[in-house]
Amino acid sequence: MATQLMVFHSEYHRYEDWRAALEGEVPDLKVILTGDVPDPALVKYTLTGSPPPQFFDQFENLELAINLGAGVDHLLGRTDLVHRPITRLSDPGMVRMMVSYVTFAVLRYARDMPEIESQQKRRQWKFIHQRDAGSFKVGFMGLGELGGASALEVARHGFDVRGWSRSGKQLPGVTCSHGMNTLDAFLPELDALVMLLPLTATTRKILDHRRLRLLKRGAKIINPGRGGLIDEAALIEELRSGHVGGATLDTFEVEPLGEESPLWDMPNVLITPHLAARPHPKEAARQIADNIDRLRNGRPASFSVDPAKGY
């Protein structure tokens, strides 16, 4: 078979790592950067993070647009991807990274580490009585592949874990509820809330000012999902008031987070630069290679995105 072209476009992933992994899995594939395309009509596949507007229009023979990650909201509703198949990445390495990030954040709050860190800065030795894990209630909004795996791991540590999703889920050790009519009742008892929903028209700013106020005073928020899930201005207000006791934020409404954002200077906020879960080239390349093989043999791709659902 003649060599087929894949265009790689991302500001946050190393091109050489992905090129080597993909060309190792698919010998007749050549992975190139956008500026090195000899003829756009030869491009069959794209692997992108957040491409600029109308990026895909130039590739008239595009057979598959692969998203460099799990969240695909930035690829939906684009006029240059109408009727083009889209897949997302979901390799085991991404799941492991997300699980470790969420577990770290939950343990940090459950063991009062922000207060201990503050004491160290004050050169203060003060014993803090530790709570039993089972008394610390952790809620998960979103129980999909990443949310479900993270909830199971947090439950394994002995925490009281509750999960909310739009459709029904069942996970061992996790008290599950679903549907918009149950969301308001889900929030008030939580000590920490983890946001791992996909970002859709329904979930955008689902944690708005009213729902933030439904959380009990002092509750912590952990958002390694999508920045648009939370009304950021409302969150800032509730962090200032102390109603929200703290936040660990990996994603934001606008990224990179602007230097003017008050979140940078809040002592009760931990900011990480959208690194909770990134695909690993070698592991993800196997998934991509399988999808290329599927398309070549007339079979549907795995991890396909349904634009109507938004994920």
Please determine whether the number of non-hydrogen atoms from other residues, nucleotides or ligands lying under 6.0 Å from atom [atom1] of [X] exceeds 12.
X      : atom1 : value
Lys30  : NZ    : no
Arg14  : CZ    : no
Gln170 : CD    : no
Arg111 : CZ    : no
Glu189 : CD    : no
Glu11  : CD    : no
Gln120 : CD    : no

Parallel, tilted or perpendicular: ring planes of His157 versus Phe159, cut at 30 and 60 degrees: tilted
If you measure from the Lys or Arg side-chain nitrogens to the Asp or Glu carboxylate oxygens, is any gap between [X] and [Y] under 4.0 Å?
X      : Y      : value
Arg299 : Asp290 : no
Lys126 : Glu115 : no
Glu63  : Lys44  : yes
Arg204 : Asp73  : no
Arg156 : Glu153 : yes
Glu283 : Arg96  : yes
Glu238 : Arg213 : yes
Arg131 : Asp191 : no
Lys282 : Asp91  : no
Arg19  : Asp17  : no
Arg210 : Asp184 : yes
Arg108 : Glu117 : yes

For [X] and [Y], test the side chains for any donor-to-acceptor distance below 3.5 angstrom and give the result as yes or no.
X      : Y      : value
Glu145 : Ser90  : yes
Thr272 : Asp250 : yes
Gln287 : Arg88  : no
Thr248 : Tyr109 : yes
Ser302 : Asn291 : yes

Please check if the distance between the ring centroids of His13 and Tyr15 is under 6.0 Å.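 Between Tyr15 and His13, which both carry aromatic rings, the centre distance is not below 6.0 Å.
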Report yes or no: do Ile32 and Trp18 belong to one cluster of Ile/Leu/Val/Met/Phe/Trp/Tyr joined by side chain heavy-atom distances under 4.5 Å?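 No; tracing contacts between hydrophobic side chains, which count when under 4.5 Å, never links both residues.
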Hydrophobic cluster membership, Leu235 vs Leu214, 4.5 Å side-chain cutoff: yes
So, taking the atom named CG in Leu215 and the one named CG in Leu193, what distance separates them when rounded to the nearest 0.5 Å? 6.0 Å
Any chance you could measure Ile288, atom CD1, to Leu64, atom CG, to the nearest 0.5 Å? 8.5 Å
Tell me, do Val99 and Met97 make a side-chain contact under 4.5 Å, heavy atoms counted?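 No, side chains not in contact.
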